[in-house]
Amino acid sequence: MANVVVIGAQWGDEGKGKITDLLSRSADVVVRYQGGVNAGHTIVVDGKVLKLHLIPSGILYPETICLIGSGTVIDPKVMLEELDMLIENDIDISGLQLSSTAHVTMPYHRLLDEVMEQSRGDQKIGTTGRGIGPTYADKAQRNGIRVIDLLDEKRLRERLKIPLEEKNQLLERVYGVNPLEADQVIEEYLEHGKRLSPHVVECSTAIHKAARNKKNILFEGAQGTLLDLDHGTYPFVTSSNPVSGGACIGAGVGPTLIDRVIGVAKAYTTRVGEGPFPTELSGSINDQLCDRGGEFGTTTGRRRRCGWFDGVIGRYAVEVNGLDCLAITKLDVLDELPEIKVCIAYELDGQRIEHFPSSAEDFARCKPVFKTLPGWQCSTADCRRLQDLPSSAMAYLRFLADLMEVPIAIVSLGASREQTIVVEDPIHGPKRALLSS
């Protein structure tokens, strides 16, 4: 039995959905512990492309319990659309459980997110406009609506009175947006609550029951380490804690319950939205990575910014999350390149540094120090064992493992489940993996 946290080791979009889907085969319970519909997982199953924003990819396994934890924020409309999509694809949703204390994204949260981002002008953050930040802000101000509130009309009316009055004044007087009608909002969200009610549970109780019964629990983070509210490239971050420590808070468990932490990183780096990106590319190589990697956001459809692998933020992710091992994704995207660069340090104001700077202004001035490695210029898409990989591809993986000082357990070579080399099962296997040279 092992309880494992899966996190993104870059700026999100690392391919956590596929890795979570892969590990869910060995998990009895999958817990999503933070974030909202600003995240997205694209899963390819039997040729079908399924896009999920809230529901853990473990839902594809009928025997797996999928729990959306208290640390998440829920947009009921989007969640119900996902449930309908899964039902249409003949996927059993009976294992889905939703924390009664998860906070709810209301219509005024989405409106505020959009108009506040527009008002920032050239200082915009790059938010998805899905209302996530305002929902977490209300949570912190103790002014939020929770899932349990959607199950009782009297309670919802009482809870909604003050925040709706405040938000309507803000929308109308500051941003010139028409106010929302209370009865209409209440009617809509009570109906959402009615549909969601069969799935509502007490999150912490459900997890601890599974732990007492020696079940394998997989904790799934959204976004990535560098988007963490406390430890990311602030202010160009999300509004929650994607790092491994967030699993304890968002799921309601103590750190002693966690056995392993797995980081997911692309074989290169991408970023969506605004903010510094030292290894960012432009021109033909950027276009090649973007097109071959399908680098378009699951949630927004925005084209992702592409760059070489950044070992500095990689080492930072290892430290902040306490990573035991790595899953490297999209190695196949590099197949055609004659040479590949890896950032091993930064130059800041003429000085070489090997740590991630806490100041966004300092980070914006960092210039990457690169190590150039030979490419392999042949397809890796059909490789299923390490020994099938070209020698230069193996050398590249070993270089990354050395640089980040953490072993590699999984290598992904395409979107489908089959296009994966599992060096070690991080849930059932011993603590060993592809070692550095």
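What you are looking at is a predicted structure, and each value in this text was computed from that prediction instead of being measured.
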Can you confirm whether Gln387 is buried at CD, in the sense that more than 12 heavy atoms of other residues, nucleotides or ligands lie under 6.0 Å from that atom? yes
Using the side chain to side chain donor-acceptor pair (under 3.5 Å) definition, which of the options Arg303, Arg305, Lys266 pairs with Glu295? Lys266
When you compare the side chains of Thr380 and Asp335, does any donor N or O come within less than 3.5 Å of an acceptor on the partner? yes
Residues pairing under salt bridge (Lys or Arg N to Asp or Glu O under 4.0 Å) where one sits in residues 191-208, two or more places apart or in two chains, turn out to be Asp84-Arg195, Glu191-Lys194
Min side-chain heavy-atom separation Pro56-Thr20 under 4.5 Å: no
Distance-only donor-acceptor check, side chains Asn321 and Thr225, under 3.5 Å: yes
Does Asp362 use its side chain to pair, donor to acceptor, with the backbone of Pro357 at less than 3.5 Å? no
Exercise: identify the closest heavy-atom pair between Ala206 and Leu67: CB-CD2, 4.3 Å
As a quick check of understanding, evaluate side-chain contact (heavy atoms from CB on, under 4.5 Å) for Phe277 and Thr233, giving each step before the final call. CA-CA 10 Å; Phe277 185 2; Thr233 50; over 6 Å; no
Polar side-chain atom of Asp324 near backbone of Val261 as donor-acceptor pair, under 3.5 Å: yes
Do Arg130 and Asp113 meet the salt-bridge criterion of a basic N to acidic O distance under 4.0 Å? no
Does Arg32 use its side chain to pair, donor to acceptor, with the backbone of Gly36 at less than 3.5 Å? yes
I'd like to know if the side chain of Gln288 pairs up with that of Glu336 as donor and acceptor (distance under 3.5 Å, no hydrogens or angles considered). yes
Quick one, His109 and Ile145 - any side-chain contact, counting heavy atoms below 4.5 Å? no
Lys341 bridged to Glu339 by N-O distance under 4.0 Å: no
Ring pair (Phe, Tyr, Trp, His ring centres under 6.0 Å): which pairs involve residues 323-343, sequence neighbours left out? none
Rounded to the nearest 0.5 Å, how far does SG of Cys290 lie from CG of Leu281? 11.5 Å
Evaluate the side-chain proximity of Asp388 to Ile421: yes if any heavy-atom separation is below 4.5 Å, no if none is. no
Are any non-hydrogen side-chain atoms of Gln10 and Tyr268 less than 4.5 angstrom apart? no
Step-by-step side-chain contact (heavy atoms from CB on, under 4.5 Å) determination, Asp13 to Gln223: CA-CA 7 Å; Asp13 306 310; Gln223 288 96 27; over 6 Å; no
Do the side chain of Glu82 and the main chain of Leu54 share a donor and acceptor less than 3.5 angstrom apart? yes
Whether Arg398 side chain and Ala393 backbone form a donor-acceptor pair below 3.5 Å: no
So how far is it from Cys343 SG to Lys367 NZ, rounded to the nearest 0.5 Å? 12.5 Å
Leu403 vs Val342, side-chain contact (heavy atoms from CB on, under 4.5 Å): CA-CA, chis, key distance, verdict: CA-CA 10 Å; Leu403 182 64; Val342 176; 3.6 Å; yes
Looking at Arg417 and Asp21, is any side-chain nitrogen of the basic one under 4.0 Å from a carboxylate oxygen of the acidic one? yes
Closest approach of Ile262 and Ala327, non-hydrogen atoms and distance? CG2-N, 4.4 Å
Does atom OH (Tyr234) have a neighbourhood of more than 12 heavy atoms from anything else shown, all under 6.0 Å? no
Exam field: side chain Thr269 to backbone Trp308, donor-acceptor pair closer than 3.5 Å: yes
Can you tell me if Thr64 and Ser24 form a side-chain donor-acceptor pair at under 3.5 Å? no
Could you check whether Arg146 and Ser99, counting side-chain N and O atoms only, form a donor-acceptor pair closer than 3.5 Å? no
Which atom names give the shortest non-hydrogen contact between Tyr33 and Ala251, and what distance separates them? CB-N, 4.2 Å
Nearest heavy-atom contact between Phe309 and Ala265 is CE1-CB, 4.2 Å
Side chains of Asp230 and Asn241, donor plus acceptor under 3.5 Å: yes
If only side-chain N and O atoms count, and only distance matters, is there a donor-acceptor pair under 3.5 Å linking Lys18 with Thr329? no
Where the side chain of His208 meets the backbone of Gly252, is there a donor-acceptor pair that is under 3.5 Å apart? yes
Find out whether Lys16 and Glu220 are in side-chain contact, i.e. whether some heavy atom of one side chain is under 4.5 Å from a heavy atom of the other. no
Could you check whether any side-chain N or O of Asn89 sits under 3.5 Å from a backbone N or O of Met85, counting only pairs where one atom can act as donor and the other as acceptor? yes
List the steps and the verdict of side-chain contact (heavy atoms from CB on, under 4.5 Å) for Lys330 and Arg292. CA-CA 9 Å; Lys330 296 197 175 184; Arg292 280 184 57 85; over 6 Å; no
Heavy atoms of Ile353 and Cys366 approach each other most closely as CD1-SG, 4.1 Å
Atom CG in Leu226, atom CD1 in Ile313: separation rounded to 0.5 Å? 4.5 Å
Value rounded to 0.5 Å, distance of CG in Leu229 from CD in Gln34: 10.5 Å
Partners passing ring-ring contact (aromatic ring centres under 6.0 Å, His included) against His231 (at least two apart in sequence or in another chain): none
4.5 Å side-chain heavy-atom contact, Ile148 and Val200: no
Separation between CG of Asp75 and OG1 of Thr135, rounded to the nearest 0.5 Å: 8.0 Å
Less than 4.0 angstrom from a charged side-chain N to a carboxylate O is my criterion; do Glu280 and Arg271 meet it? no
Can you check whether Ile340 reaches Trp376 side chain to side chain, under 4.5 Å on heavy atoms? yes
With a 4.5 Å limit on heavy-atom distance, are the side chains of Val369 and Tyr346 in contact? no
Correct closest heavy-atom pair for Ile59 and Cys66 would be N-SG, 3.0 Å
Donor-acceptor contact below 3.5 Å, side chain His199 vs main chain Leu96: yes
Gly35 backbone acceptor or donor facing Tyr136 side chain under 3.5 Å: yes
Inter-residue atom distance Ile408.CD1 - Ile328.CD1, 0.5 Å rounding: 4.5 Å
